[in-house]
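Shown next, in structure tokens, is the structure this report addresses.
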Amino acid sequence: MSQEIHPIPPQKGAAVEQWMDAVAHRMSRYEPHLVSVPHPGRPDSEIQGHVHYRRIRMGNAYKRLFRKLSRLDPYSYTDRIIRYARSIHPAIVHVHNAPQFLDAMARGLPDAKFILHMHNEKTDAVHTRVAALAGCSGYIRNWYAVRKFPADRFTVLDNGVDIAAHASVRSPQAQRDMRARHGIPADRFILLYVGRISPEKGPDMAAQAMQRLDPGRFHLVLVGEWPQGSAQKSERVRYAEDLREQLTKVPHTIVGTVPPEEVPGIYALGDLLLVPSRFEEPFSMVAIEAMAAGLPVMALKKGGMSEYMVDGDNALVLDAQASAADIARAIEKAAGVPHSLDAIAASARRLVERRFDWSRVASATERLYDEVLSASGKVM
């Protein structure tokens, strides 16, 4: 189960829900039940193969009466999950990125073993001791360990990527077709940014770097969700409006959000993926997706990315405090030696095949389940 935000399978980004769906379908020894909010195109209950989906529907009348008017929640999302879980008697409850649910879940399901799987830093107070705290990276695992989160053990469950889906997206013909589809110049070096348009992700750094590059040679493409709403009320919307103003000064193309099934193809748009995150990036799904597609990656040395990126080998890694000018110089240098970029991309592809294939992640998850049950005296 995850937060009360995205359905499973996700309709956009939603890396957490993507992880849940991808791993569940690759498990061989456990029967996964995925719980989420309703999906507009799917029934509230369904089974695909051995994967059970349960989508918790909160009626409009309930939301209006209790959540909006009275601010009460007498039969909450968590309560409804507990009711469903009691009907299936789970041995393990794998909670993703939702520590705020743990205490209530543990009270409602006293016989289950809990794994909390964190993909971000969160400071929710938790009193329940879990069998395991899994981080999406060593950085996240350690962030919780040093804060003495109540867990019997701390471990890492990597994120993953569909290797086959990304295998041929950067063939010469695929690149020509994708760039033509989006009106992107065929004779430019394309700097690609993929991710949310938000301050911590740093897309403005890409725009600022572009201002220092030759507009006749370089072109910026941004793929991702732009915040909606009022600039007077939202800092993120103000940030997005400021970014649009900066982009007027450089050659660029905005692609916007793409559905999950079309994500592999977006990596055909670029010659180099830039990950300019300002915060300690927990992992970066887009980086390993680009690597799987054979697109070289340039990133700042932040958070969990430094655990699998090696500068000059499988990525171009800049100092964590690199400025826009530093990034521009690094891009210009990289564009001048395409054979080096090809070698980096090939090395990165080998890395993801060796470590980040979803089947490997699923196997690691089942091993963790085995260990948790073994420690409690239960055997699958």
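As the structure is a prediction and not an experimental result, all values here were calculated from the model. Start at 1 with the first residue, then count along the sequence.
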Subject >> Derivation of the side chain to side chain donor-acceptor pair (under 3.5 Å) call for Y84 and H33 >> reply: CA-CA 10 Å; Y84 173 70; H33 290 244; 2.7 Å; yes
Subject >> D204/R278 salt bridge by N-O under 4.0 Å criterion >> reply: yes
Subject >> Expected output: side-chain S234 to main-chain A231 donor-acceptor under 3.5 Å >> reply: no
Original post:
Hey, is E353 close enough to R349 for a salt bridge, meaning N to O under 4.0 Å?
Top reply: yes
Subject >> Cation over ring face, R147 and W143, 6.0 Å, 45° >> reply: yes
**OP:** Would you give the length of the straight line joining atom CE of M298 to atom CG of L272, rounded to the nearest 0.5 angstrom?
**Re:** 5.0 Å
Subject >> salt_bridge(R355, D158) N-O dist < 4.0 Å >> reply: yes
**OP:** Just do the side-chain contact (heavy atoms from CB on, under 4.5 Å) check on L274 and Y193 with the steps written out, would you?
**Re:** CA-CA 6 Å; L274 178 62; Y193 169 87; 5.6 Å; no
Original post:
Less than 4.0 Å between a side-chain N and a carboxylate O, is that true for D370 and R367?
Top reply: no
**OP:** Using a cut-off of 6.0 Å, state whether more than 12 heavy atoms not belonging to K302 lie near its atom NZ.
**Re:** yes
**OP:** Under the side chain to side chain contact (heavy atoms under 4.5 Å, CB included) rule, collect the residues that match up with P259, sequence neighbours excluded.
**Re:** E261, E262
Original post:
Given E121 and Y139, is the side chain to side chain donor-acceptor pair (under 3.5 Å) satisfied, shown in steps?
Top reply: CA-CA 10 Å; E121 303 164 5; Y139 170 79; 2.4 Å; yes
Original post:
Distance only, no hydrogens: is a donor on one side chain within 3.5 Å (strictly under) of an acceptor on the other, for R29 and Y369?
Top reply: no
Subject >> NE2 on H182 to CG on D177, rounded to 0.5 Å >> reply: 11.0 Å
**OP:** Determine, stepwise, if the pair T128 / D103 fulfils side chain to side chain donor-acceptor pair (under 3.5 Å).
**Re:** CA-CA 5 Å; T128 298; D103 291 337; 2.7 Å; yes
**OP:** List the steps and the verdict of side-chain contact (heavy atoms from CB on, under 4.5 Å) for R153 and E371.
**Re:** CA-CA 11 Å; R153 60 181 296 173; E371 292 163 7; 2.8 Å; yes
Original post:
Hey, is R236 close enough to E200 for a salt bridge, meaning N to O under 4.0 Å?
Top reply: yes
Original post:
How about F356 and Y308: are their ring centres within less than 6.0 Å of each other?
Top reply: yes
Original post:
Is a side-chain donor or acceptor of H39 paired with a backbone partner of G41 at a separation under 3.5 angstrom?
Top reply: yes
Original post:
S2 and N97: side-chain donor and acceptor closer than 3.5 Å?
Top reply: no
Original post:
Under the 3.5 angstrom rule, does the side chain of H166 hit a backbone N or O of D162 as a donor-acceptor pair?
Top reply: yes
**OP:** Answer yes or no: is there a donor N or O on one side and an acceptor on the other, between the side chain of Y53 and the main chain of P9, under 3.5 Å?
**Re:** no
Original post:
Would R196 count as a cation-pi partner of W226, with NZ or CZ less than 6.0 Å from the six-membered ring centre and within 45° of the ring normal?
Top reply: no
**OP:** Begin from the C-alpha positions of S171 and Q173 and carry the test side chain to side chain donor-acceptor pair (under 3.5 Å) through to its verdict.
**Re:** CA-CA 5 Å; S171 69; Q173 187 60 53; over 6 Å; no
Subject >> Those residues that, when tested against K12, pass side chain to side chain contact (heavy atoms under 4.5 Å, CB included) (two or more places apart) >> reply: H6, E225, T257
Subject >> Any donor-acceptor pair under 3.5 Å from R107 side chain to L102 backbone >> reply: no
Original post:
Do any N or O atoms from the side chain of S284 and from the backbone of E281 form a donor-acceptor pair under 3.5 angstrom?
Top reply: no
**OP:** Determine yes or no for a side-chain-to-main-chain donor-acceptor pair under 3.5 angstrom, with R360 supplying the side chain and G160 the backbone.
**Re:** no
Original post:
Quick one: CE on M118 to CZ on F154, what's the gap to the nearest 0.5 Å?
Top reply: 12.0 Å
Subject >> Distance (rounded to the nearest 0.5 Å) between H25 NE2 and S359 OG >> reply: 13.0 Å
Original post:
Could D187 and R217 be called an ion pair, given the rule that one side-chain N must be under 4.0 Å from one carboxylate O?
Top reply: no
**OP:** In plain terms, say whether R179 and D271 are close enough for a salt bridge, that is, a side-chain N and a carboxylate O under 4.0 Å apart.
**Re:** yes
Subject >> For D44, the option from R54, R55, R57 that meets side chain to side chain donor-acceptor pair (under 3.5 Å) >> reply: R57
Subject >> Rounded distance (nearest 0.5 Å) linking atom CG of L222 with atom CG of L269 >> reply: 11.0 Å
Original post:
When the ring centroid of H219 is compared with that of H252, is the distance short of 6.0 Å?
Top reply: no
Original post:
In Å, rounded to the nearest 0.5 Å, how long is the span from NZ of K122 to CG of L116?
Top reply: 9.5 Å
Original post:
Is a side-chain N or O of N314 found less than 3.5 angstrom from the main chain of V310, in a donor-acceptor match?
Top reply: yes
Original post:
Is the ring centre of W19 less than 6.0 Å from the ring centre of H117?
Top reply: yes
Original post:
Is a side-chain N or O of R129 found less than 3.5 angstrom from the main chain of A151, in a donor-acceptor match?
Top reply: yes
Original post:
Stepwise, does the side-chain contact (heavy atoms from CB on, under 4.5 Å) test hold for I331 with L191?
Top reply: CA-CA 8 Å; I331 292 169; L191 179 65; 3.6 Å; yes
Original post:
Going through the distances and angles, do V35 and I56 end up as a side-chain contact (heavy atoms from CB on, under 4.5 Å)?
Top reply: CA-CA 7 Å; V35 182; I56 305 297; 3.7 Å; yes
Original post:
Got a donor-acceptor contact below 3.5 angstrom from the R212 side chain to the Q208 backbone?
Top reply: yes
